[in-house]
Amino acid sequence: MSTKNIVHAEAVAQYTESRLVPDTPAFAHAYTNSTAHGIPEIALSPAQGKFTSILASISGAKNVLELGTLGGYSALWFAQAIKGRGGKVTSIEINKQRRDVAIENLEYAGVKVPEEVEILLGAGLDVLPRLAEEIDQGKRERFDFTFIDADWDNQAAYFDWGVKLSNGKGSVIYVDNVVRQLLEIGTVGSAEKDSTVQDLVEIVAKDDRVEATVMQTCGSKDMDGFLLARTK
Ligand code: DHB
Ligand code: MG
């Protein structure tokens with residue numbers, strides 16, 4: 001396999017983002033204000049943000065579930081995707097400071113919190129069962145699109161919750177950073193195999209509730225990739 005074009009990935013990202021995803025004050029502020037508050041620069045890139053937003057839009061999603069709000073950059077893209085559909089983005093964040101900065105960033109962008117984006121403070125595995133109860137009680141709608149971008153240790157559990165809280169056949173589950181994780185735990189590549197960490201790809205492959213694929217990505221954020229699943 002030739003990899004000669006990979007050296008140009010960063011330049012391609014810069015060129016294409018400058019043409020197709022130019023910074024708006026709202027998105028630029030989400031990055032700069034997050035960095036100013038010491039939040040790590042691990043949000044989606046502009047191209048990835050727009051990609052996930054287009055994906056949510058064309059999937060017809062009304063309600064989006066997000067695991068890992070960080071500074072709210074991705075939530076901002078999802079809010080844009082589902083605007084006017086009568087649903088909302090529900091995002092879970094374990095870190096109070098990040099939650100507060102995300103609210104600042106969303107409000108700066110004119111997004112209504114919590115009407116358009118609701119950020120729930122807590123550990124995913126504590127908050128998700130509460131969401132399930134609220135769904136069962138008819139207080140909350142099921143999720144058409146789940147975006148998982150949180151701690152890797154619980155990815156498989158988050159994925160399972162994503163399927164359980166999904167809105168029936170054709171719901172989407174997107175898991176960020178799956179390729180880098182495969183490389184880091186040595187499932188693929190030269191790192192020593194870490195058998196204490198679950199391989200999400202292996203788990204999803206055996207999950208009859210979904211069909212899934214992994215797309216590798218390359219750009220301003222090194223080589224990585226995401227897992228995209230659809231409930232059957
Ligand atoms: C890291 C986490 C992410 O979700 C990401 O997209 C990039 C990097 C990290 O923890 O380093
Ligand atoms: Mg990520």
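What you see is a predicted model; the values in this text were computed from it and never measured. For reference, positions follow the sequence shown, starting with 1. Read the numbers this way: they start at 1 and go in the same order the structure lists the ligands and their atoms.
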**Prompt:** Going through the checks in order, is the side chain to side chain donor-acceptor pair (under 3.5 Å) test met by D144 and S59?
**Reply:** CA-CA 8 Å; D144 311 288; S59 75; over 6 Å; no
Note to self: Could you tell me if the side chain of E17 sits less than 4.5 Å from the side chain of Q48, heavy atoms only?
What the structure shows: no
Checking heavy atoms under 4.0 Å, the part of I42 that sits near ligand 1 is both
At under 4.0 Å between heavy atoms, what of D176 touches ligand 1? The answer is side chain
The atom name of the N, O or S atom in D176 nearest to the Mg ion (ligand 2) is OD2
Which atom of D149 is nearest the Mg ion (ligand 2), counting N, O or S only? It is OD1
The atoms of ligand 1 lying under 4.0 Å from a heavy atom of R180, numbered in the order shown, are 1 (C), 2 (C), 5 (C), 7 (C), 8 (C), 9 (C), 11 (O)
ask   = For the rings on Y158 and F147, is their centre-to-centre separation under 6.0 Å?
value = no
>> Tell me if the centroids of the rings in W77 and F51 come within less than 6.0 Å of each other.
In response: no
d(N177 CG, L200 CG) to nearest 0.5 Å is 11.5 Å
If you scan protein heavy atoms around atom 5 (C) of ligand 1, the nearest is N177 ND2, 3.1 Å
